[in-house]
Amino acid sequence: MKYTKQESLQFIAEEDVKFIRLAFCDIFGRQKNVSIMAEQLPRAFKRGVAIDGWSVTGFDNSVHSDFILHPDPSTLSVLPWRPEQGRVVRMFCDITWPDGTPFECDTRSILAKAVEDAEKEGYRFAFGSELEFYLFKRDENGEPTKVPYDKAGYMDIAPDDRGENIRREICLTLEQMGIIPECSHHEEGPGQNEIDFHYSDPMSAADNAVTFCVTVKTVAMRNGLVSDFSAKPLKNSPGNGMHINFSVTDKNGNSVLTPAIAGVLDKISDMTLFLNPTENSYERLGKCKAPKYISWSAENRSPLIRIPAAFDEYKRAELRSPDPTANPYIAYALIIYAGLHGIKNNLTLPPAADFNLFTASAEELAKFSQLPSDLKQAKKAALDSEFIKSHLSESVIEFYVNR
């Protein structure tokens with residue numbers, strides 16, 4: 001349910017809510033929050049809540065560090081792991097400077113603008129992500145290790161799959177928060193898991209992705225484990241992907257997915273820094289089913305973009321290169337702009353790669369361009385890109401390049 005201001009105030013009064021976590025993300029998509037008492041919410045809606053962003057990555061301007069959080073009532077969600085009495089809810093916030101000007105490094109506002117720009121052009125995007133993560137044991141002091149929770153493999157079942165009950169608890173917790181997972185299963189790596197989401201509007205999908213990571217970490221900790229969303233936690237095991245499913249329709253509800261896919265393929269190298277922002281990200285690409293070549297197919301999972309067998313409103317594309325260290329607000333925004341680029345320029349798809357790229361000959365692979373092979377190449381591609389400069393602020397680009 002998406003609450004209005006009045007409905008959220010009524011919910012808080014009737015459901016014994018004592019604390020509101022005003023949530024926002026740093027420039028790399030890591031959730032932060034400030035808690036206020038329930039009595040302060042009307043004032044927060046009216047004037048916002050001031051914060052000092054001095055130590056928040058991406059907010060640490062050497063001259064100005066005061067910002068205003070503006071809670072979005074539609075994102076109200078109870079935190080099920082907090083006490084039943086004196087409940088705690090969370091709301092995501094938009095961020096402005098004290099004079100009301102939108103903060104250029106508020107990545108949630110970047111996505112909001114992308115959605116608005118798409119709707120002005122007559123197009124609507126939807127997203128659904130598939131996020132992978134590892135569960136590792138903790139040592140006798142409670143510190144994280146790299147010892148997997150189990151040794152199960154792809155879609156194995158209990159008792160080999162020891163993560164079954166953890167995934168169940170994660171899914172039930174998300175359901176209590178109004179987020180409905182589509183499916184879950186054990187992944188290929190030891191202790192590796194995946195939970196997928198049904199598609200939704202871009203902002204809800206990004207908020208859900210951020211919430212998902214916090215929920216997984218919380219549930220893992222409650223079970224004496226640690227979750228790991230890094231791109232390549234174990235050197236000789238599969239990496240973690242954040243496969244992004246997207247669709248796009250025109251104002252009449254007709255799919256315009258094909259030129260949008262062509263646009264994403266055309267701009268993927270420019271975007272890669274923001275989809276794969278760490279050095280560890282490039283240890284994953286090109287290995288264990290993670291893509292390396294700029295390609296597409298409707299028949300197999302080795303290309304960069306797969307078009308699953310689906311029809312009507314379920315017709316979508318699956319972008320397989322991003323990993324969970326990506327900021328979903330930036331990732332979805334850039335996919336929207338790349339899709340619009342393809343639609344407006346009536347781009348066409350190159351020939352499909354309807355064969356296994358991981359076992360293909362060198363001659364066959366020579367026909368395809370490659371994603372940036374390391375973080376340095378990805379930074380250069382972003383710096384040289386007019387596409388990136390036209391959709392992200394200089395400050396955002398600078399933080400990613402100088403990370």
Side-chain angles (χ1 to χ4, degrees), residues 24-31 57-58 72 75 92-96 102-129 131 197 199-213 242-249 256-257 259-261 263-277 305 316-319 321-344 378 381-383 385-401:
F24 61 98
C25 288
D26 70 11
I27 201 166
F28 297 119
R30 293 185 290 259
Q31 185 179 316
T57 305
D72 179 351
T75 64
F92 281 104
C93 298
D94 298 316
I95 309 170
T96 67
F103 176 42
E104 60 272 15
C105 291
D106 173 18
T107 57
R108 200 168 185 268
S109 70
I110 293 172
L111 178 56
K113 185 177 186 304
V115 172
E116 182 182 356
D117 290 347
E119 290 181 347
K120 286 179 181 177
E121 297 284 344
Y123 300 104
R124 179 167 295 180
F125 285 76
F127 289 88
S129 293
L131 289 111
F197 293 97
Y199 69 87
S200 57
D201 66 274
M203 190 63 74
S204 295
D207 288 344
N208 289 349
V210 171
T211 302
F212 172 78
C213 293
M242 183 176 78
H243 302 156
I244 299 176
N245 291 275
F246 66 94
S247 61
V248 56
T249 54
V256 284
L257 185 59
I261 295 172
V264 172
L265 290 174
D266 187 54
K267 298 300 182 184
I268 189 64
S269 290
D270 303 39
M271 299 190 293
T272 293
L273 172 62
F274 305 95
L275 306 180
N276 307 95
I305 292 181
R316 66 190 192 278
E318 178 189 51
L319 179 62
S321 62
D323 66 63
T325 59
N327 181 329
Y329 301 106
I330 295 180
Y332 296 170
L334 291 178
I335 291 171
I336 288 171
Y337 284 124
L340 292 175
H341 160 71
I343 294 168
K344 288 188 285 188
L383 278 174
S385 172
E386 291 301 321
F387 170 77
I388 295 297
K389 292 174 185 175
S390 63
H391 299 303
L392 297 180
S393 71
E394 184 178 342
S395 298
V396 171
I397 297 170
E398 181 180 340
F399 271 103
Y400 271 80
V401 169

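Just so it is clear, the structure is predicted and the values come from calculations on it, not from any experiment.
For Cys93 against Arg108, the heavy-atom pair with the smallest separation is O-CD, 3.9 Å. Of all heavy-atom pairs between Ala317 and Leu257, the closest is N-CD2, 3.8 Å. Nearest heavy atoms, Ile330 versus Ile27: CD1-O, 4.0 Å. Leu111 approaches Pro202 most closely through the heavy-atom pair CD2-O, 3.6 Å. Scanning all heavy atoms of the two residues, the minimum distance from Ala118 to Ile336 falls at CB-CG2, 4.0 Å. For the residue pair Val264 and Gly339, the shortest heavy atom distance occurs at CG2-N, 4.3 Å.
Less than 6.0 angstrom separates the ring centroid of Tyr400 from the ring centroid of Phe28.
In summary, Arg124 and Asp201 do not engage in a salt bridge, as defined by a charged side-chain N under 4.0 Å from a carboxylate O.
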Please test Met203 against Asp72 for side-chain contact (heavy atoms from CB on, under 4.5 Å), starting from the C-alpha separation and ending with a verdict.
CA-CA 12 Å; Met203 190 63 74; Asp72 179 351; 5.7 Å; no

Does the pair Leu334 and Asp270 meet the rule for a side-chain contact (heavy atoms from CB on, under 4.5 Å), with working shown?
CA-CA 10 Å; Leu334 291 178; Asp270 303 39; over 6 Å; no

Run the numbers on Ile397 and Glu394 for side-chain contact (heavy atoms from CB on, under 4.5 Å), then give the verdict.
CA-CA 5 Å; Ile397 297 170; Glu394 184 178 342; 5.8 Å; no

With side-chain contact (heavy atoms from CB on, under 4.5 Å) as the test, would you mind laying out the steps for Ile388 and Leu273 before giving the verdict?
CA-CA 10 Å; Ile388 295 297; Leu273 172 62; over 6 Å; no

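Among pairs with a residue in residues 102-129, those fulfilling ring-ring contact (aromatic ring centres under 6.0 Å, His included) read Phe59-Phe103, Phe67-Phe103, Trp97-Phe103, Phe127-Tyr332, at least two apart in sequence or across chains.
A distance-only check finds a donor-acceptor pair linking the side chain of Ser390 to the backbone of Glu386 [under 3.5 Å]. Under the 3.5 Å distance criterion, the side-chain polar atoms of Asp266 are left unmatched by any main-chain donor or acceptor of Gly342. Counting only distance, with no hydrogens or angles, the side chain of Tyr329 and the backbone of Ala112 share no donor-acceptor pair below 3.5 Å.
In this structure, the side chains of Glu121 and Ile343 stay at 4.5 Å or more apart for every pair of heavy atoms. Using a 4.5 Å cut-off on side-chain heavy atoms (C-beta onward), Arg316 and Tyr199 make no contact.
No more than 12 heavy-atom neighbours from other residues, nucleotides or ligands sit within 6.0 angstrom of NZ on Lys113.
The CD1 atom of Ile335 sits 11.5 Å away from atom CD1 of Ile261, with the distance rounded to the nearest 0.5 Å.
Taking the six-membered ring for Trp and thresholds of 30 and 60 degrees, His391 and Tyr337 have nearly parallel ring planes, at less than 30 degrees apart.
For the residue pair Asp207 / Thr75, no side-chain donor-acceptor distance below 3.5 Å is found, with atom types taken as modelled.
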